[in-house]
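Predicted, not measured: the structure shown is a model, and the values here were computed from it. Each chain gets a letter, A, B and so on, in the order its sequence line appears, and its residues count up from 1.
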There are 2 protein chains.
Amino acid sequence: MRPVVVSGVGMIPFERRDEDSLVDMMAMAGLRAMDDAGLGDRPVDSVYVGNMASGLFNHQVSVASALVDRLSLMPAAADRVENGPASGGSAVKNGFLAVASGFNDVVLVIGGEKMREVIGPRATDIVACMTHPLAEYIYGVTLPAMAGMFTRLYMEKYGVTRKHLTEVAVKNQENGLLNPYAHIQMKITMEGTLTHPQAHVNNPVVADPIHLYDCCPVSDGAAAVLLTTEEIAKELSKPSVYIAGVGQATDTHTLQERSDPTELKAVQIASQKAFEMAELTPQDIDVAELHDAFTILEIAESEQAGFFPLGEGGKAVDAGETRIGGSLPINPSGGLKARGHPVGATGVAQVVELVWQLRNEAGEHQVEDASKGFSLNFGGFGNNVLAFVLRREG
Amino acid sequence: MRPVVVSGVGMIPFERRDEDSLVDMMAMAGLRAMDDAGLGDRPVDSVYVGNMASGLFNHQVSVASALVDRLSLMPAAADRVENGPASGGSAVKNGFLAVASGFNDVVLVIGGEKMREVIGPRATDIVACMTHPLAEYIYGVTLPAMAGMFTRLYMEKYGVTRKHLTEVAVKNQENGLLNPYAHIQMKITMEGTLTHPQAHVNNPVVADPIHLYDCCPVSDGAAAVLLTTEEIAKELSKPSVYIAGVGQATDTHTLQERSDPTELKAVQIASQKAFEMAELTPQDIDVAELHDAFTILEIAESEQAGFFPLGEGGKAVDAGETRIGGSLPINPSGGLKARGHPVGATGVAQVVELVWQLRNEAGEHQVEDASKGFSLNFGGFGNNVLAFVLRREG
């Protein structure tokens with residue numbers, strides 16, 4: 001396989017964006033990535049779109065064809081890749097393969113989702129369409145409900161506490177305040193969300209033991225990366241950041257079929273594959289972007305991807321190890337929790353954040369001396385997971 | 001790039017399949033492809049699903065994750081690829097890249113669509129979601145309406161007649177009668193559909209000048225191909241058929257933006273790219289599967305892909321050149337017209353048909369001595385097109 005370089009990245013702020021269509025948002029992110037790379041008039045061979053549910057959210061299919069036209073990149077190839085909440089990661093992987101194979105030299109990967117086009121409960125229903133139609137969906141399961149059950153099990157098995165969970169939320173919203181692209185720009189405190197007698201007013205139960213501030217918001221947004229060969233990257237304007245490792249793995253479609261539902265096998269396998277390909281270990285990583293759609297997931301993934309032993313992830317948060325400045329900063333961007341989770345955009349936004357970190361361009365949320373990064377994009381309830389290891393040149 | 005071989009193919013009959021879910025259908029096709037290859041217990045590294053609109057047709061997303069579980073192929077990677085009516089072709093392309101790059105050794109590509117879960121007019125609306133939301137969809141455009149306008153222009157510019165169009169329908173339904181996988185199993189005649197004074201009763205106008213028998217049916221179905229390396233293919237049971245050429249190209253999202261709407265640039269470019277990669281020309285091809293969602297498309301594509309000069313495609317049909325036994329048999333399977341067009345399945349089904357032809361396994365619709373095949377999968381109204389050249393080993 002040819003080495004693949006991320007030569008340009010771009011995002012638009014995640015928020016509720018009533019004025020912009022899905023294709024508008026993705027076009028803006030794509031233009032920023034091309035501009036960031038200094039691509040000039042060099043042709044783009046292929047566009048990959050990561051998007052979960054344009055049909056259900058926006059009554060539109062073939063958004064990749066719409067986007068390539070909006071960006072005037074015809075006759076570039078254009079495909080949309082869908083893998084639930086890991087759609088962005090799957091789009092990056094397939095863009096990577098297009099360059100790695102030698103089939104394409106310049107590939108633009110854009111993830112986007114416009115979720116706020118529908119009203120609240122309908123968005124929750126659309127997200128629930130990723131569950132098993134006969135074993136889960138028809139019983140009214142939603143993703144927060146599943147996360148609630150998973151959180152309870154994980155707390156009981158590994159001693160994670162509500163304090164640990166809330167610390168993830170507080171940390172990520174603090175990081176979000178340093179990131180102008182983050183949807184949630186609001187400081188929360190341990191007292192206001194957990195210990196104050198009236199904390200349940202600010203932070204009500206969503207699906208016990210999950211509270212409001214354990215959940216990511218419903219956002220609109222888009223993010224983009226421009227992938228090229230080593231040779232072309234050298235002619236462009238930015239320092240090269242390599243996609244050094246790519247891993248993907250699946251697990252049972254339903255959570256209930258797993259003998260131990262706290263074991264996230266797809267997270268374990270995808271991470272191992274990415275590390276093996278990169279010839280690195282979790283200990284080599286300077287910064288990680290994990291898929292904290294719910295606070296428990298940041299803790300569970302930090303253990304199952306290999307950064308902390310099982311049962312130690314909550315304690316690591318408590319000890320401040322995962323803050324910016326800690327031994328392994330996790331979600332300096334604010335993560336899904338604060339940056340937001342426009343579903344198809346997330347896996348791409350994670351890579352964008354890592355590239356900014358590895359180029360020392362992350363501004364106020366910069367992790368010092370970061371040269372190796374890791375991202376994890378979690379589809380379904382851990383049934384389809386992608387992991388990436390990125391490495392700065394040199 | 002490593003050479004990529006189609007080592008196994010499988011399909012289920014296209015029809016209205018009320019008893020089977022989308023995932024059921026795709027699992028059956030996938031099992032047939034693995035069985036056809038004699039894969040045994042050799043692991044599948046990755047599953048690619050071609051599907052246009054599971055969200056809108058079946059209120060389900062993440063169908064690739066559902067499918068990999070149904071087939072018990074975890075932890076294989078799984079992604080869905082969407083590109084409107086060319087979703088199947090895009091899935092084949094991305095599966096091809098996964099093997100060609102060296103990232104995967106065994107990849108299962110499954111295309112499927114369950115369109116009959118919704119009632120008639122709703123299916124037409126869902127298909128129309130591929131058009132431009134502001135420039136086309138809101139004005140009530142449908143694909144048959146666009147095809148009607150395109151047909152009128154093409155007839156005027158190139159002298160195609162209703163007789164030529166009807167000859168395509170009659171030929172493809174004749175071929176469909178020889179193919180047990182075809183949805184439409186009904187002989188039609190030139191007299192009954194065109195010349196009889198009561199022909200308009202059998203064959204009413206849908207969107208002038210298009211009549212009922214100029215349109216493909218709305219079908220449920222699935223098709224699958226198993227892709228491997230040359231080395232693994234030699235250890236499996238079937239003769240190797242290579243994916244020798246892959247081409248993809250886009251054009252303006254809307255038909256109205258093209259200076260000459262009869263010029264299908266994406267068909268021209270995608271075909272040229274596939275031929276160049278295969279180091280072959282249209283004259284080398286023994287059998288072609290074209291995207292005849294409407295009869296005019298078979299004629300237009302046969303010209304713009306380079307098989308006949310512009311304006312000669314209709315005459316070639318009239319002369320019998322495109323029948324089984326003619327100089328270039330087109331759609332011996334019955335094409336979309338008779339086999340049916342479960343959208344995401346089509347691009348994969350075309351490759352399945354070519355493999356059967358090149359292996360001399362096509363039964364009653366076999367084209368004699370076919371060693372090189374071509375398929376064209378047409379997305380949107382020609383805004384995103386994939387072309388493949390397949391070649392039998394030796």
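Closest approach of A:A77 to B:Q248, counting heavy atoms only: CB-OE1, 3.2 Å. The two residues B:G84 and A:S62 come nearest to each other via the heavy atoms CA-OG, 3.3 Å. The heavy-atom pair separating B:Y48 from A:L97 by the smallest distance is OH-CD1, 3.7 Å. Nearest heavy atoms, A:S101 versus B:A100: CB-C, 4.4 Å. Listed here is the closest heavy atom pair of B:A76 and A:T250: O-OG1, 2.6 Å.
Contact annotation for B:D251: only backbone heavy atoms (N, CA, C, O) come within less than 4.5 Å of a heavy atom of chain A. Contacts between B:K93 and chain A at a heavy-atom distance below 4.5 Å involve the side chain alone, from C-beta outward. Proximity to chain A (any heavy atom under 4.5 Å) is shown, for B:A266, by neither the backbone nor the side chain. Heavy atoms closer than 4.5 Å to chain A are found in both the backbone and the side chain of B:L56.
No other option in B:T254, B:N94, B:V99, B:D125 has as many heavy-atom pairs under 4.5 Å with chain A as B:N94. In terms of heavy-atom pairs under 4.5 angstrom with chain A, the leader among B:R2, B:E257, B:R70 is B:E257. Most heavy-atom pairs under 4.5 Å with chain A: of the set B:V68, B:T252, B:N383, this distinction falls to B:T252. Ranked by heavy-atom pairs shorter than 4.5 Å toward chain A, the options B:S90, B:G102, B:A91 are led by B:S90. With chain B as the partner, the residue from A:N384, A:L386, A:V246 showing the most heavy-atom pairs under 4.5 Å is A:N384. No other option in B:H59, B:M130, B:M52 has as many heavy-atom pairs under 4.5 Å with chain A as B:H59. Among B:S21, B:P85, B:A78, B:A53, the residue with the largest count of heavy-atom pairs under 4.5 Å with chain A is B:A78.
Counting non-hydrogen atoms of neighbouring residues, nucleotides and ligands closer than 6.0 angstrom, the CD atom of B:Q256 exceeds 12 such neighbours. Around atom NZ of A:K273, more than 12 heavy atoms belonging to other residues, nucleotides or ligands sit under 6.0 Å away.
Checking B:H132 against A:D69 by side-chain atom types alone, no donor-acceptor pair falls below 3.5 Å. Side-chain contact of B:N51 with A:E82: a donor-acceptor pair under 3.5 Å is absent, judged by distance alone.
Between the B:D79 side chain and the A:V81 main chain, no donor and acceptor come within less than 3.5 Å of each other.
Here the CE atom belonging to A:M74 is positioned 10.0 Å from the CD1 atom belonging to B:I269, to the nearest 0.5 angstrom.
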